[in-house]
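Data block below; observations after.
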2 protein chains.
Amino acid sequence: MADTAAPTKKQEIIAQAYDAFYDGGFHATGIDTVMANSGISKRTLYKYFPSKEDLIEAVLEQYGEDTDTFLFKPAFARSDDPCEQILALFDIRQEMMSKNCRGCLAMKAGQEYIGKHDGIAARGKDASVYVERRFIELCEKAGLKNATDTARQLNLLFQGAALAGQMQQDPGVFDVAKRAVHILLAAA
Amino acid sequence: MADTAAPTKKQEIIAQAYDAFYDGGFHATGIDTVMANSGISKRTLYKYFPSKEDLIEAVLEQYGEDTDTFLFKPAFARSDDPCEQILALFDIRQEMMSKNCRGCLAMKAGQEYIGKHDGIAARGKDASVYVERRFIELCEKAGLKNATDTARQLNLLFQGAALAGQMQQDPGVFDVAKRAVHILLAAA
DNA sequence: GACAATGTAAACCGATCTGTTTACTTGTGG
DNA sequence: CCACAAGTAAACAGATCGGTTTACATTGTC
């Protein structure tokens, strides 16, 4: 049978660490803080994750899966038109930010661990490249002439909006981004 | 006489902390690490800056001044045409990133201290808003119809390129950004 | 009911953190 | 020559860090 049953202890730990790191930062949040009032003992944590860095990598992997589940799949489901799907990505990201005004967790980790822990830093780079690649696929499906370049432009808007929105604590920047998307797609 | 003489001890400390925090992160870099091999004693540091957070705020203020000195002023000096000045901003930011592939220090600090230290977090927001305001001034000077909106779009590209460039360790993303700038300006 | 597996709670370890204090050195001005 | 301001170097203090260990509780199973 598939492993679709109740959440594993491992998944519980990841879920707990997820928000603790997201809200508190990685270096600033200690292991004790991560597991406080969670009913999970430090011993169990270190049984599944030999080091804090291992836990962080697991959290970032979960974050990647969540990005597919809650961002890309819903966006693709909203329409069959690739241009509409692109706009849906900005829409859904804005909705996510309206609920919880946070940037990209993987890039946050990358910023903290660049030059210090290659595995974690690579997750930040991967996140940036991954979103770019999905935009490229969509632009190609839309039959744009310079699909790659347009897609990379969209990617910069997307990541810029996530960062500026977090800094200014205002998801409204995605409205600005979406107007730019219309222009860039029309010009391509 | 103006205070243009030799660097103050205070400025020395800030200069030392500047790169230590930029390269190592704020929470991850301890005071001892900051001042190691600098010939500056911890006692002197705490004489001028009563806490680490005070030092960080001073570093970020210096960062703001540096942004004016090494980014905005040179960009404005390159041309009198506001559209050329906008492109010069992207050009110079790319040159800075080619020498040292780092993102925005103030937003890095903002990410680490949002919800933890309002003074520092505000510096991140201020940085984001400040750049946006300068773009607005330039777009208005260029006589664009929807100056504000276009400026905010440029701002997202600018900040997105700084972030993605840092993540991917590739200043080439600014070439992508500049092509988008041309399109957005032409459409406005 | 014995037993092994899995878990919690909490004491513990050495290192490191922010911040303070003590002791010494080095000009510099009257 | 002495007083004083400003500095370095380093020991120190209490808290917290990542990580380990000890002791105990809860399971399901043969």
[X] has an atom [atom1]; how far is it from atom [atom2] of [N], in whole Å?
{"X": "H27(A)", "N": "dT16(D)", "atom1": "NE2", "atom2": "C1'", "value": "15 Å"}
{"X": "D32(A)", "N": "dT8(C)", "atom1": "CG", "atom2": "P", "value": "14 Å"}
{"X": "F49(A)", "N": "dT20(D)", "atom1": "CZ", "atom2": "C1'", "value": "18 Å"}
{"X": "L45(A)", "N": "dT21(D)", "atom1": "CG", "atom2": "C1'", "value": "16 Å"}
{"X": "R43(B)", "N": "dT25(C)", "atom1": "CZ", "atom2": "P", "value": "15 Å"}
{"X": "D54(B)", "N": "dG19(C)", "atom1": "CG", "atom2": "C1'", "value": "13 Å"}
{"X": "I40(B)", "N": "dG7(D)", "atom1": "CD1", "atom2": "C1'", "value": "11 Å"}
{"X": "M35(B)", "N": "dC17(C)", "atom1": "CE", "atom2": "P", "value": "14 Å"}

With a 3.5 Å distance limit and no angle check, can you tell me whether K52(A) reaches the backbone of F26(A) through a side-chain donor-acceptor pair? yes
Would you say [N] has OP1 or OP2 under 4.0 Å from some side-chain N or O of [X]?
{"X": "S41(A)", "N": "dA10(C)", "value": "no"}
{"X": "T44(B)", "N": "dA6(D)", "value": "no"}
{"X": "Y46(B)", "N": "dG7(D)", "value": "no"}
{"X": "Y48(A)", "N": "dG7(C)", "value": "yes"}

Under 4.0 Å, heavy atoms only, any strand: does K47(B) hit a base, just the sugar-phosphate, or nothing?
sugar-phosphate
If only side-chain N and O atoms count, and only distance matters, is there a donor-acceptor pair under 3.5 Å linking [Y] with [X]?
{"X": "Q111(B)", "Y": "Q111(A)", "answer": "no"}
{"X": "Q85(A)", "Y": "K141(A)", "answer": "yes"}
{"X": "Y130(A)", "Y": "D68(A)", "answer": "yes"}

5'-most contact on DNA chain D (nearest-nucleotide basis), K42(B) vs I31(A), goes to K42(B)
- Message: Grouping I, L, V, M, F, W and Y whenever their side-chain heavy atoms are under 4.5 Å apart, do Y63(A) and L89(A) come out in a common cluster?
- Response: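 Each belongs to a different hydrophobic cluster.
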task: Report yes or no: is there a donor-acceptor pair, N or O only, under 3.5 Å between the side chain of K9(A) and the base of dG7(C)?
output: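 In this structure, the two groups form no donor-acceptor pair.
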